[in-house]
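The chain is numbered in sequence order, starting from 1. Predicted model only: the values in this text are computed from it and were never measured.
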Amino acid sequence: MANSTTKSNNKLFLWALTSALAGFLFGFDTVVISGAEITIQALWGLSPSLHGVAMSSALWGTVLGALIGGWPTDRFGRVKTLIMIGFLYFISALWSALAHDPYTFIIARFIGGLAIGVSTIAVPLYISEISPANKRGRLTGLFQFNVVFGILIAFISNALLANIGEDAWRWMLGVQVLPATIYCLLCFYLPESPRWLIGKCNRVSEGRKVLGIINPNMSADMINKMSDNLIDAASVTGIRTPFWSNRLKYPIFLAFFIAFFNQLSGINAILYFAPRIFEMTGLGAHAALLQSAGIGVTNLIGTFIGLWLIDRIGRRMLLYIGSFGYIVALGTCSWAFANNIYSIVPFCIFLFIAAHAIGQGTVIWVFISEIFPIEHRTEGQTLGASVHWVCAALLTLVFPAIITTFPPSYVFGFFCVMMVLQLIWVFTIVPETKGISLEEIQKKLGTTPSTALQDKSRSSIDMS
């Protein structure tokens with residue numbers, strides 16, 4: 001029995017890790033453009049506005065992917081959607097590397113953004129559905145780890161390829177073809193989600209087989225009972241209040257602003273344009289790319305710390321730590337640029353990244369998933385993801401024009417002020433959700449259905 005349990009655990013980890021490699025491609029694709037953006041602007045003589053479009057095109061694809069990603073995930077299945085994600089990354093990387101004008105480049109980057117957006121829905125959903133309850137958090141967390149790891153590898157890859165010639169930027173973007181191909185092929189060996197097989201397709205025998213692998217200690221009768229519960233849950237049509245209702249105004253408010261402030265810290269702008277920012281301090285182009293790789297290392301270490309702390313000191317405390325770190329880092333960076341003291345700017349950027357990784361970067365997706373009642377959790381996550389990616393795309397779109405129009409001290413000063421507002425928001429509005437059941441969170445936020453609605457829902461279920 002112990003041997004079968006060990007084999008099951010190994011298979012689960014391998015399945016979760018394989019699917020989570022989409023997170024690696026997500027992180028890599030998001031940041032790899034930072035090593036090529038200056039060359040691309042000069043090569044095609046892009047105006048600041050068109051340069052912003054080129055740099056933000058992947059993010060606009062991400063917005064669309066996040067909005068529509070639920071449809072293929074439910075319609076075609078989790079695994080087929082994961083394979084599609086890998087194929088989209090492959091096409092985007094190859095096309096970006098071969099592009100000979102800004103417009104085809106924008107289309108290619110947009111396709112990669114679609115893959116990112118869909119992956120933020122399909123991958124966590126797949127991992128959570130194949131994981132037993134006692135391992136779900138750790139296994140689902142592999143996605144976030146791979147995102148950060150992909151960012152680090154992108155910075156290192158850019159630094160290694162920077163001096164190979166005038167087409168170095170093409171190699172920077174095209175190298176993603178290799179991991180995208182490997183990911184796509186590995187996904188063919190993944191089993192389909194048992195919840196999708198049973199609940200969506202009524203392929204009960206296939207679903208029970210996967211459930212047996214996931215839960216080797218369960219008897220056949222227990223597996224059958226679990227699958228029967230999935231069938232029953234899929235057949236129940238509960239009575240729901242509309243998402244945009246007075247009942248859900250508090251979690252909607254929280255989801256909107258945690259995503260809004262996440263981007264108004266300037267995180268995506270700094271990740272995308274890190275080499276440019278470092279060059280402003282007098283570093284050479286290659287040294288700037290190496291400093292950017294340091295951002296990836298800092299981000300990875302900060303993520304480990306944040307994941308270790310989130311269930312120990314709570315979400316709210318991590319937001320406090322992140323907010324104070326943001327304010328110190330951005331405020332000092334603004335002061336340094338204003339007074340031409342460039343030597344401390346790299347340290348400030350690293351402190352900023354650490355504050356983000358420990359605070360907002362760790363908390364945002366966990367918090368959004370906790371604050372909505374179960375019948376509206378998908379819609380709530382879609383809202384939070386959409387606000388996050390729209391703000392990221394807008395910021396990346398306008399950042400090249402902003403950084404050439406205003407002094408860097410003003411830009412970093414603006415981000416600092418926004419983080420002061422975030423700190424006030426956390427202090428006055430944000431509740432703590434650590435160690436509280438989802439049902440208790442509903443009560444705390446006032447989203448528990450009224451007694452009359454509960455009675456009506458029970459009656460409809462009884463009649464069915």
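Leu330 and Ser265 make their closest contact through CD1-O, 3.8 Å (heavy atoms, listed as atom of the first residue, atom of the second, distance). The heavy-atom pair separating Lys80 from Glu192 by the smallest distance is N-OE1, 4.4 Å.
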Could you walk me through whether Phe412 and Phe337 pass ring pair (Phe, Tyr, Trp, His ring centres under 6.0 Å), step by step?
CA-CA 9 Å; Phe412 285 99; Phe337 273 112; 5.7 Å; yes
Could you check Phe26 against Val123 for side chain to side chain contact (heavy atoms under 4.5 Å, CB included), going step by step and ending with a plain yes or no?
CA-CA 11 Å; Phe26 168 2; Val123 177; over 6 Å; no
Given side chain to side chain contact (heavy atoms under 4.5 Å, CB included), test Ile85 with Leu82 step by step and report yes or no.
CA-CA 5 Å; Ile85 289 168; Leu82 297 180; 4.2 Å; yes
Candidate pair Leu59 and Leu394, rule side chain to side chain contact (heavy atoms under 4.5 Å, CB included), full reasoning
CA-CA 9 Å; Leu59 286 168; Leu394 288 173; over 6 Å; no
Give the C-alpha distance, both sets of side-chain angles, the deciding distance and a yes or no for side chain to side chain contact (heavy atoms under 4.5 Å, CB included) between Asp29 and Arg109.
CA-CA 9 Å; Asp29 191 83; Arg109 292 291 297 164; 3.4 Å; yes
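Here the side chain of Thr332 pairs no donor or acceptor atom with the backbone of Ala329 at under 3.5 angstrom. At distances below 3.5 Å, not a single donor-acceptor pair connects side-chain atoms of Ser157 with backbone N or O atoms of Ile153. The backbone N or O of Leu88 sits nowhere less than 3.5 Å from a side-chain atom of Ser92 that would complete a donor-acceptor pair.
Phe149 has its ring centre no less than 6.0 Å from the ring centre of Phe28. Note: Tyr189 and Trp15 fail the aromatic proximity criterion, with ring centroids not under 6.0 Å apart.
Applying the side-chain hydrogen bond (donor to acceptor under 3.5 Å, both in side chains) criterion to Thr405, with sequence neighbours excluded, gives no partner residue. Thr181 pairs by the side-chain hydrogen bond (donor to acceptor under 3.5 Å, both in side chains) definition with nothing, not counting sequence neighbours. Partners of Asn299 according to the side-chain hydrogen bond (donor to acceptor under 3.5 Å, both in side chains) rule, which considers only residues two or more places apart in sequence or in another chain, do not exist here. In this structure, Arg316 has no salt bridge (Lys or Arg N to Asp or Glu O under 4.0 Å) partners at least two apart in sequence or on a different chain. In this view, Ser323 and Gln422 satisfy the side-chain hydrogen bond (donor to acceptor under 3.5 Å, both in side chains) rule, not counting sequence neighbours.
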Indicate every side-chain donor-acceptor pair of residues 248-261 with a distance under 3.5 Å to a residue at least two apart or in another chain.
unit_1, atom_1, unit_2, atom_2, d
Lys249, NZ, Asn246, OD1, 3.3
Tyr250, OH, Ile429, O, 2.7

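Within a 6.0 Å radius of CH2 in Trp44, more than 12 heavy atoms belonging to other residues, nucleotides or ligands are found.
Checking each of Phe352, Tyr320, Phe415 against Tyr326 for a ring-ring contact (aromatic ring centres under 6.0 Å, His included) leaves exactly one that passes, namely Phe352.
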